[in-house]
Amino acid sequence: MKKIMEILEETLKKAFAEAGYDERYARVTLSNRPDLCQFQCNGALPAAKEYKKAPLVIAEEIVKTLEEDGTFAEISAQKPGFINMTVSSGFLADYINELSKDECFGVKKAEKQETIVIDYGGANVAKPLHVGHLRSAIIGESIKRTAKYMGHKVIGDAHLGDWGLQIGLIITELKHRQPELVYFDENFEGEYPAEPPFSMADLEEIYPYANGYAKEHEDYKAEAQGAVAELQAGRKGYLALWKHILNVSLEDLKKIYTKLNVDFDLWKKESDAQPYIPDMVQGMKDGGYAYIDQGALVVDVKEETDKKEIPPCMILKSNGATLYNTTDLATIVERRKLFDPDKIIYVVDKRQGLYFEQVFRCARKTKIIGEHVDLIFVGFGTMNGKDGKPFKTRDGGVLRLEKLLEEVTEEVEKKMADREMDDEARKDAAEKIALAAIKYGDLSNQASKDYVFDLERFTSFEGNTGPYILYTIVRIKSLLRKLKEQGIEISEEQRILPATEQTQTDVMLALARWSEVVETAFAEQAPHKICQFVYELSDAFNKFYHENKIVTNEDENVRASHTVLSTQVFRVLECAIDLLGLESPDRM
Ligand code: ARG
């Protein structure tokens, strides 16, 4: 279905052509003075130059041909040559009625279905999740859902970090504590035990301890690095331990991600790319791209136009160990082989921006990926506490996601203490609202910006917050419930009547923007645009709700029309919050 601005533009094009002007001047935009009009066209200004006429004269001519057109309630020429337009309520209602019939409320699904891999989450096994991982999960999930909604084939990959120093540290610490474990016996030939020699709680203690110890003790750190090299070289006992670490953490991670309403299509790991490394490295050498520099194998990626220094991409360390780079490059090889994607989107902390620039350049230069594949880095800023420093939980410790969820849920429950609800419904609502508070608080900011995690504000039921949006949806749910309880049925055929006052118009105008918003949010990987829309629509709806009698309206036709309008708002809001990864409770 056409966008409202496209329809208006077509109408104006005809008018420009009829009056003898080029139709390319008929561009329509949203008004930047909504107090004066809804839409505007500024084309008479540039046209004036071409036709050597006063812009106001041109604008007046256009307006004249359109005055009788039923599209507009008001169309006028304003100095120095603007055309101000306000559509008629009949036109607007007809348009919304048409949109309502459309399955996606006007969203134009992709003409060519692309295959898109989204690399997000990026948790490291056996290491505590930090706020960066939280942001990546929240933003990536929304980008993924939006891309799927647009009709693309999308593969969300958790890309877990399981091949780095943290594994070496845990192996080393275990070896110091329990040298008798079979995993350390190089002569052991049998089957390794199926049960892991540690629990998640053990890992949570071992890793920070080993990490701290390595910072103080060079030889210990070297031992851990050696363990990583041995693991990567295939030492059996270490591989068995690594598998245990992986399984134990994975179970824990899956629980957390489920709580966050984040779900991955793939749970791939850095280690999965290892089999692709030897051929990839050989190819880089054969192609003459990689060379040895101080013992390490590197590829130059700087370009003449660079304003800042872009260091070479290191492929192998002098001890033959692979790096984060190597894994990311090999993962590109793997993804190309498995999915042949059109796009790979990385949702990672923006401080890794330079790193990804190197990786992308190296991938293109060494031809492991074709020019036609888009490699996109969506870098996000830091979630800070009120002190302006990276967020910590109340007790000052590293962020435990469950802890954060618990804290926020508690806060929401406090606010809902006076509600008459049974405990189960209250708990369900509080969990959904808490998640909305956290996620919306994050997503409503442009991803690349830092933001302050403000528990008080994020959990407020008023203002531009997740709870406010859910509150609006719950309000409509309850309205529809009331009608049902009163036995009032609204037929499918029922149409929305032309608006009789401003708040009705505003709701319709907001609804009309939905398709544009989703399409842009997808094209720009910008969930904050969906948030902005959702807030404006909610706000418009709530004003409409206060100004108009809906359930109790004496006029049956008006009641039905308002109900259908509310239902359409509900439908669009539910769809929008789903793209943000939120769910609405039935009551709150
Ligand atoms: N595990 C990494 C970290 O914690 C994030 C992974 C991002 N994705 C990637 N393909 N490198 O920083």
Side-chain angles (χ1 to χ4, degrees), residues 116-141 143-144 155-170 203 207-208 211 228 242 245-246 249-250 252-253 256-257 260 262 264-274 276-277 280 313-315 322-339 341 343-364 368-369 373-383 390-391 398-401 447-448 525:
I116 305 175
V117 174
I118 306 188
D119 180 314
Y120 73 110
N124 299 313
V125 305
K127 256 165 108 167
L129 284 173
H130 56 69
V131 283
H133 295 122
L134 177 68
R135 290 213 71 189
S136 177
I138 293 175
I139 299 167
E141 181 71 15
I143 293 179
K144 183 191 74 183
I155 302 142
D157 181 7
H159 196 71
L160 302 176
D162 68 334
W163 211 231
L165 185 61
Q166 83 266 31
I167 307 288
L169 286 166
I170 291 171
L203 288 181
Y207 172 75
N211 190 36
V228 178
W242 160 77
I245 298 173
L246 193 63
S249 310
L250 204 58
D252 189 57
L253 282 172
I256 298 175
Y257 282 125
L260 281 175
V262 166
F264 298 99
D265 305 293
L266 268 188
W267 289 85
K268 285 261 183 194
K269 316 169 289 299
E270 289 179 355
S271 61
D272 288 314
Q274 297 305 303
Y276 298 90
I277 291 179
M280 178 183 82
C313 201
M314 200 193 282
I315 308 295
T322 60
L323 302 99
Y324 188 44
N325 295 319
T326 329
T327 308
D328 261 320
L329 287 162
T331 303
I332 293 179
V333 176
E334 182 191 19
R335 288 175 176 157
R336 197 196 59 208
K337 182 142 187 245
L338 300 181
F339 312 113
K343 256 185 206 154
I344 308 179
I345 301 177
Y346 297 81
V347 186
V348 186
D349 192 311
K350 71 175 174 198
R351 284 169 296 188
Q352 294 191 28
L354 172 64
Y355 163 77
F356 275 100
E357 180 67 42
Q358 289 175 293
V359 169
F360 293 173
R361 285 187 186 187
C362 184
R364 296 223 191 273
I368 62 177
I369 197 99
V373 184
D374 250 349
L375 297 171
I376 300 170
F377 175 70
V378 179
F380 52 78
T382 310
M383 169 171 135
F391 181 84
V398 275
L399 172 99
R400 282 288 317 170
L401 268 185
S448 61
Q525 294 96 37

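Read the numbers this way: they start at 1 and go in the same order the structure lists the ligands and their atoms.
Note: no N/O pair closer than 3.5 Å links F356 and ligand 1 by distance alone. In terms of polar-atom proximity, H133 is counted as a contact of ligand 1, with an N or O under 3.5 Å from an N or O of the ligand.
For ligand 1, the atoms sitting less than 4.0 Å from at least one non-hydrogen atom of V348 are 7 (C), 8 (N), numbered in the order shown with element in parentheses. Heavy-atom contacts of N124 reach the following atoms of ligand 1: 1 (N), 2 (C), 3 (C), 4 (O) (cutoff under 4.0 Å).
For atom 12 (O) of ligand 1, the closest non-hydrogen atom on the protein side is Q352 NE2, 3.1 Å. Counting protein heavy atoms only, atom 10 (N) of ligand 1 is closest to D328 OD1, 2.7 Å. For atom 8 (N) of ligand 1, the nearest protein heavy atom (residue, atom name, distance) is D119 OD1, 3.1 Å.
Closest approach of A137 and V262 over heavy atoms only: O-CG2, 3.9 Å. Between M280 and V333, the shortest heavy-atom contact is SD-CG2, 3.8 Å. The two residues T326 and L323 make their nearest non-hydrogen contact at OG1-N, 2.8 Å.
Scanning for side-chain hydrogen bond (donor to acceptor under 3.5 Å, both in side chains) contacts around D349 gives R351, with sequence neighbours left out.
Classified by interplanar angle (parallel below 30°, tilted 30° to 60°, perpendicular above 60°), the ring pair Y346/F356 is tilted.
Taking the six-membered ring for Trp and the full ring otherwise, F360 and F377 have centroids separated by 6.0 Å or more.
Rounded to the nearest 0.5 angstrom, S136 OG and L129 CG are separated by 10.5 Å.
Heavy-atom proximity to atom 7 (C) of ligand 1, evaluated over W163, Y346, Y324, is greatest for Y324.
Neither the backbone nor the side chain of Y355 has a heavy atom within less than 4.0 Å of ligand 1.
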